[in-house]
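First the structure, in the form of C-alpha cells, and then the observations on it.
Hydrogens, waters and symmetry mates are skipped; everything else that's a heavy atom, side chains included, is used. Model, not experiment: these values are computed from the prediction.
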Amino acid sequence: SRSRCPLVARGLPRPPPSRAWAAGVASARHIRPWRLWARETRAMKCVFVTVGTTSFDDLIARISAHDSLQIIQSLGYSRLVLQIGRGNVVPEPFSTESFTLDVYRYKESLKEDLEKADLVISHAGAGSCLETLENRKPLVVVINENLMNNHQLELAKQLHKDGHLFYCTCSTLPGLLQSMDLSTLKCFPPGQPEKFSAFLDKVVGLKK
C-alpha cells in the first residue's frame, strides 16, 4: 500500500517544506529567465564616445546623425553612450527595443563606461587615448580639424602606425566605421604610463 506521512495518518497537518527545499524550488523557477537575461545583456554591444573635459561638437553631431546610427546598428552594436563634455550639441537620449542612446556631460571616472564598451571613439587627447588603450579596448581617434596645432594628429598617426588604433576626421568617420577591421589592432603594453609620456614627448617634438 502507498506510504503516508505519519502525521497525516494521525489526522495532523502535513509539516511545511524545509527552507532548503523552498529555496531550491524558487531558484529553479528563475533559472531560465536569468539565463535569458544574461544572454541578452552579453549580446548588447556598446560604443562609447568621449571628448574628455573639452568640447567636440562636430564629433557629437556626426556620430549621432541618423546615417551614423544606422551604420553603428548594422555593425551589431545596440547601445551608444556619448560623453559630450561642455559641448553645445546635446543629442536627445532614446531607447527602443533594438537600440539605446545615452548622453551625459561628465562623470568622476570613465572607468565603468570604458570597461563596458566594445568600441571607443575618442578625441585625440593623450589622456583619453592612454586610458582607453590601457583598458585594451578597440579605439578610433577622431581628429579635431579646428584645433590650431597638429600634435593630436601626430600622436594619432604614430599610434596608428604602431597598430594600436584607427584615426580619422569627423567627415571620414562613417566610412572608417564600415571599412575598419578591429582584429588587426595590437594591444598597447599596460601599466607603463612613463613610456607613454616619453613617447608623447617624442611625438610632439619635446625630445629628439
Side-chain angles (χ1 to χ4, degrees), residues 38-54 56 58-65 67-85 91 98-104 107 109-145 151-193 195-197 199-200 203:
R39 190 185 312 146
E40 291 171 358
T41 301
R42 287 195 300 268
M44 184 176 284
K45 294 179 63 179
C46 176
V47 178
F48 176 50
V49 179
T50 176
V51 304
T53 58
T54 181
F56 196 170
D58 288 346
L59 170 57
I60 300 303
R62 177 68 271 181
I63 197 63
S64 61
D67 60 331
S68 295
L69 295 180
Q70 286 186 317
I71 292 172
I72 290 171
Q73 284 188 273
S74 72
L75 295 173
Y77 299 99
S78 53
R79 188 179 182 217
L80 175 62
V81 179
L82 304 180
Q83 184 266 314
I84 64 172
S98 59
F99 196 81
T100 297
L101 173 65
D102 292 323
V103 181
Y104 68 89
K107 285 183 180 179
S109 172
L110 301 182
K111 181 180 179 181
E112 183 179 354
D113 288 312
L114 286 172
E115 290 178 346
K116 291 181 178 179
D118 297 285
L119 171 65
V120 177
I121 300 174
S122 172
H123 71 133
S128 296
C129 290
L130 175 59
E131 190 172 4
T132 302
L133 292 174
E134 287 197 324
N135 275 275
R136 300 196 170 196
K137 297 295 182 177
L139 174 61
V140 173
V141 166
V142 183
I143 305 301
N144 190 342
E145 295 179 291
H151 292 168
Q152 290 190 349
L153 177 59
E154 293 304 317
L155 174 63
K157 279 184 175 180
Q158 186 59 51
L159 288 171
H160 172 69
K161 181 179 178 181
D162 293 340
H164 299 307
L165 54 77
F166 294 103
Y167 77 95
C168 63
T169 61
C170 290
S171 60
T172 59
L173 176 58
L176 176 63
L177 290 175
Q178 292 176 296
S179 64
M180 65 185 181
D181 182 358
L182 297 180
S183 66
T184 62
L185 294 177
K186 303 174 184 176
C187 288
F188 191 83
Q192 301 179 27
K195 289 188 177 181
F196 187 85
S197 297
F199 167 78
L200 179 62
V203 168

By side chain to side chain donor-acceptor pair (under 3.5 Å), which residues pair with [X], not counting sequence neighbours?
X	result
Q83	T50
S183	D181
Q73	none

Kindly write out the residues that satisfy side chain to side chain contact (heavy atoms under 4.5 Å, CB included) with I84, not counting sequence neighbours, or none if the list is empty.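 Checked I84 against side chain to side chain contact (heavy atoms under 4.5 Å, CB included); matches are I60, L82, V90, V103, R105.
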Is there side-chain contact between L133 and L159, with at least one heavy-atom pair below 4.5 Å?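 Counting from C-beta outward, L133 and L159 do come under 4.5 Å.
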Quick test of your reading: applying salt bridge (charged side-chain N to carboxylate O under 4.0 Å, His left out), list the pairs with at least one residue in residues 67-84, sequence neighbours left out, ordered by first then second residue.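 Residue pairs with at least one partner in residues 67-84: R62-D67, R79-D102.
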Show me the donor-acceptor pairs, under 3.5 Å and distance only, between side chains in residues 114-122 and residues at least two apart or in other chains.
unit_1	atom_1	unit_2	atom_2	d
K116	NZ	E112	OE2	2.9
D118	OD2	C46	N	2.8

Please report, to 0.1 Å, the donor-acceptor pairs under 3.5 Å made by any side chain of residues 165-175, with sequence neighbours excluded.
unit_1	atom_1	unit_2	atom_2	d
T169	OG1	S171	OG	3.1
T169	OG1	T172	OG1	3.2
T172	OG1	T169	N	3.0
T172	OG1	T169	O	3.3

Which residues pass the ring pair (Phe, Tyr, Trp, His ring centres under 6.0 Å) test with H123, not counting sequence neighbours?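 In terms of ring pair (Phe, Tyr, Trp, His ring centres under 6.0 Å), with neighbours along the sequence ignored, H123 is linked to no residue.
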Please list, chain by chain and in numerical order, all residues satisfying salt bridge (charged side-chain N to carboxylate O under 4.0 Å, His left out) with D58, sequence neighbours excluded.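 Partners of D58 by the salt bridge (charged side-chain N to carboxylate O under 4.0 Å, His left out) criterion come out as none, since no residue qualifies.
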My understanding is that only residues two or more places apart in sequence, or in another chain, count here; which of them pass salt bridge (charged side-chain N to carboxylate O under 4.0 Å, His left out) with K107?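 D113.
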Among H164, Q158, K157, the one residue meeting side chain to side chain contact (heavy atoms under 4.5 Å, CB included) with K161: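 Answer after filtering H164, Q158, K157: Q158.
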